[in-house]
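Data first, discussion second: the structure below is written as structure tokens.
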Amino acid sequence: MANTRRPIFELHIQPMFRTLDRVHMTRLAANKRIDFADYQQVRAKSAKIVALLNDPSPMPTRGTGGPWPQEWIDLFFRWTQTDFGRLAKPTGSNFKLVLDAPDRYTLSCDVARPDASATAWFDVQRAQPDAQVYELVMEQIDGAAPAPETVTVEERIRGPLTVAEVVVIDAAGEHRLPLPTS
Ligand code: HEM
């Protein structure tokens with residue numbers, strides 16, 4: 001059976017762009033510049049991007065690892081044809097960071113999800129001993145019957161850590177949770 005999963009910007013589109021693509025394309029004059037980490041910019045320039053991914057002189061350029069394989073071009077095109085899916089950024093509540101065992105922690109919070117199709121999780125932005133940053137995200141399937149409920153989201157963190165706090169980003173901003181010692 002064909003996989004009809006809707007492409008999502010943060011999960012499937014943004015990872016196809018390398019740091020090199022981002023650096024080269026943000027150096028251009030303002031009218032041509034595209035920041036591939038920015039959903040709105042990629043969406044706004046998507047027709048030009050599709051054209052240049054398919055161009056005989058393609059982007060990314062032949063001298064820098066281009067062109068993309070056809071499957072990647074098809075995936076980008078399918079994203080443009082399925083209303084530019086992206087993750088939702090919900091607001092959490094009841095944030096907790098608990099010490100489970102030496103150097104083992106559980107980060108958790110509650111999230112109100114709109115229906116049973118919606119999944120929420122902590123995306124990892126930084127997971128080093130000296131930097132711990134997580135972002136609360138949610139994926140929703142369009143058209144699911146509303147059935148609001150509050151669910152708990154968890155992420156296990158393994159140390160040893162040298163940070164004094166773990167940072168969590170949600171729609172309300174940054175939450176700083178001190179690292180528990182007991
Ligand atoms: C997936 C990767 C890339 C995509 C989708 C992409 C897409 C595009 C698009 C859509 C434009 C036209 C912008 C406009 O006229 O409004 C453009 C221009 C340009 N890109 Fe990229 N690009 C990519 C990677 C790169 C890389 C790796 C380089 C350099 C090594 C590069 C160099 C340029 C340059 C120099 C222009 C301006 C060309 C001109 O003056 O008309 N791009 N690119």
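Both backbone and side-chain heavy atoms feed into the values below; hydrogens, waters and symmetry mates do not. For this chain, numbers begin at 1 and follow the sequence in order. One-based numbering, in listed order, for ligands and for the atoms of each.
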*Tell me, with the steps shown, if E139 and R5 meet salt bridge (charged side-chain N to carboxylate O under 4.0 Å, His left out).*
CA-CA 12 Å; E139 184 179 0; R5 187 172 183 352; 2.8 Å; yes
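In this structure, CG in L161 is found 5.0 Å from OH in Y105, a value given to the nearest 0.5 Å.
With respect to R78 and E71, no salt bridge is recorded, no charged nitrogen being found less than 4.0 Å from a carboxylate O.
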Close N/O pairs between ligand 1 and protein, under 3.5 Å:
unit_1   : atom_1 : unit_2 : atom_2 : d
ligand 1 : 16 (O) : K48    : NZ     : 3.2
ligand 1 : 40 (O) : K32    : NZ     : 3.1
ligand 1 : 41 (O) : K32    : NZ     : 2.9

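With 3.5 Å as the limit, one finds a donor-acceptor pair spanning the side chains of T106 and D100.
Smallest separation of non-hydrogen atoms from P67 and R62: CD-NH1, 3.6 Å.
The shortest distance between side-chain heavy atoms of Y134 and E155 falls below 4.5 Å.
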